[in-house]
Amino acid sequence: MRLQGSMILSCENLTLGYESHPAVHHLTVQIERGALLALVGPNGAGKSTLLKGLMGQIQPLDGTINLDLAKSDIAYLPQLSQVDRSFPLSVQEMVAMGAWKHTGAFGRLRSRHKRQVASALNQLGLKGFEKRMISTLSGGQMQRVLFARLLVQEAEMILLDEPFTGVDSRTTHDLLQMIASWSEQGKTIIAVLHDLEQVKTHFPQCLLLSREQIAFGETRIVLTEDNWRKARQLNEAFDEHADHCGTH
């Protein structure tokens, strides 16, 4: 078992983007194992792009991402609006997908995995929903299903992209409790969030991003009016059609 407090992730002069148009510029940051980190910034500031880069869904235009864990030990929760609910899957089947790293894409669930799925459903208040099709669920119910899948996945690092958007307050409360439980277990959690009061209350560390790093560290130090003003001004001044800027 690796010691909590050792470095799990470092980005060195990282630039990410699409078709050579950078969305995140020259980010240099080091994140310790066990961090509970909120990723905040104006709309279009590159927050989701950064998570996709950490997952390997897009490759750096410049710089490096160094991870002290296997990609299979990273769990990623996309924005709820990006989840295709038209696919004919039951709640139980969706949650069981979290065991893929142990069973393979088409492997059968063993008794241990079935117990994990049942336990995850119970912890997320979904007992009795096993056979429900995901297309019939509300936003809050679907997010509970996706968190149950994360539980089964047993990842060391968890990336959450706007986990509370479109979700009712009761579910938000329960999911925050689940995140706190993961943090107590020593998991590293990075969450894209918009509710700054939520961030101040539940996330001790914060990265304020606006195409580039504005501030990083303790939340109470990062989330100042001056930093937010700088983030908004930088975001408004950014040229969407700028060419790839090269390494400083």
Side-chain angles (χ1 to χ4, degrees), residues 1-2 4-6 8-9 29 31-41 47-48 50-52 54-55 67 69 72-83 91 94-95 97-99 101 116-117 119-127 129 137-209 216-223:
M1 182 177 176
R2 294 183 177 93
Q4 185 167 343
S6 61
I8 195 171
L9 163 68
V29 68
I31 295 174
E32 291 187 344
R33 195 174 307 276
L36 180 53
L37 174 74
L39 181 54
V40 301
K47 302 182 295 294
S48 296
L50 179 55
L51 292 193
K52 290 174 181 175
L54 298 181
M55 278 298 296
L67 289 162
L69 77 171
S72 60
D73 282 327
I74 305 175
Y76 171 56
L77 183 80
Q79 293 179 22
L80 189 58
S81 61
Q82 296 175 352
V83 177
V91 166
M94 173 65 91
V95 174
M97 290 172 67
K101 124 176 130 172
Q116 282 182 313
V117 170
S119 174
L121 289 168
N122 188 52
Q123 288 183 64
L124 270 301
L126 293 167
K127 191 172 181 179
F129 281 72
L137 301 178
S138 68
Q141 290 167 343
M142 186 64 199
Q143 201 69 320
R144 288 175 184 268
V145 169
L146 295 175
F147 265 68
R149 186 174 67 178
L150 292 174
L151 264 180
V152 173
Q153 195 168 337
E154 296 184 318
E156 191 174 341
M157 176 183 282
I158 302 170
L159 308 178
L160 306 170
D161 197 352
E162 300 186 18
F164 310 124
T165 299
V167 171
D168 59 278
S169 59
R170 168 74 182 275
T171 297
T172 296
H173 174 270
D174 291 347
L175 298 185
L176 280 167
Q177 293 296 107
M178 181 61 64
I179 289 171
S181 173
W182 285 334
S183 181
E184 289 170 6
Q185 294 169 32
K187 296 182 184 294
T188 304
I189 301 158
I190 302 175
V192 173
L193 297 170
H194 290 289
D195 186 331
L196 298 187
E197 289 306 313
Q198 203 173 70
V199 172
K200 291 173 183 177
T201 302
H202 300 283
F203 290 78
Q205 289 186 293
C206 189
L207 170 59
L208 175 55
L209 195 66
F216 170 65
E218 293 183 39
T219 297
R220 62 183 181 83
I221 296 172
V222 170
L223 292 185

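If you read the sequence from its start, that first residue is 1, and numbering goes on from there.
By the 4.5 Å heavy-atom criterion applied to side chains, Leu175 and Leu124 are counted as neighbours. A heavy-atom distance below 4.5 Å is not found between the side chains of Gln82 and Glu162. You'll find the side chain of Ile74 reaches within 4.5 Å of the side chain of Leu67, heavy atoms only. The closest side-chain heavy-atom distance from Leu176 to Thr201 is not below 4.5 Å. Contact annotation: the side chain of Leu150 approaches that of Trp182 to within less than 4.5 Å [non-hydrogen atoms, C-beta and beyond]. Within the 4.5 Å cutoff, no side-chain heavy atoms of Asp195 are placed close to those of Thr172. When side chains are defined from C-beta on, Gln205 does not count as touching Ile31, because their heavy atoms never get closer than 4.5 Å. A heavy-atom distance below 4.5 Å is found between the side chains of Leu146 and Met142.
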Please lay out, stage by stage, how His194 and Phe164 fare under the test side chain to side chain contact (heavy atoms under 4.5 Å, CB included). CA-CA 9 Å; His194 290 289; Phe164 310 124; over 6 Å; no
Yes or no on side chain to side chain contact (heavy atoms under 4.5 Å, CB included) for Phe203 and Leu193, after CA distance, side-chain angles and deciding distance? CA-CA 10 Å; Phe203 290 78; Leu193 297 170; 3.4 Å; yes
Could you walk me through whether Glu154 and Gln116 pass the side chain to side chain donor-acceptor pair (under 3.5 Å) check? CA-CA 10 Å; Glu154 296 184 318; Gln116 282 182 313; 2.9 Å; yes
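Side-chain atoms of Thr188 never come within 3.5 Å of backbone atoms of Arg33 as a donor-acceptor pair (strictly under, hydrogens ignored). Remark: the backbone N or O of Leu209 is not paired with any side-chain donor or acceptor of Lys47 at under 3.5 angstrom. Side-chain atoms of Lys187 come within 3.5 Å of backbone atoms of Ala155 as a donor-acceptor pair (strictly under, hydrogens ignored).
We find the CE-CD1 distance between Met157 and Ile190 to be 5.0 Å, quoted to the nearest 0.5 Å. Distance check, rounded to the nearest 0.5 Å: CZ of Phe129 to CD of Gln141 gives 4.5 Å. With values rounded to the nearest 0.5 angstrom, Phe147 atom CZ is found 12.0 Å from Leu126 atom CG. Separation of atoms CZ (Phe216) and CG (Leu39) is listed at 10.5 Å; rounding is to 0.5 Å. We find the NE2-CD distance between His202 and Glu197 to be 10.5 Å, quoted to the nearest 0.5 Å. Here CD of Gln79 is found 4.0 Å from CG of Asp161. Values are rounded to the nearest 0.5 Å.
With no hydrogens or angles considered, no side-chain donor-acceptor pair links Thr171 and Gln143 at under 3.5 Å. Side-chain N/O atoms of Gln177 and Ser181 include no donor and acceptor closer than 3.5 Å.
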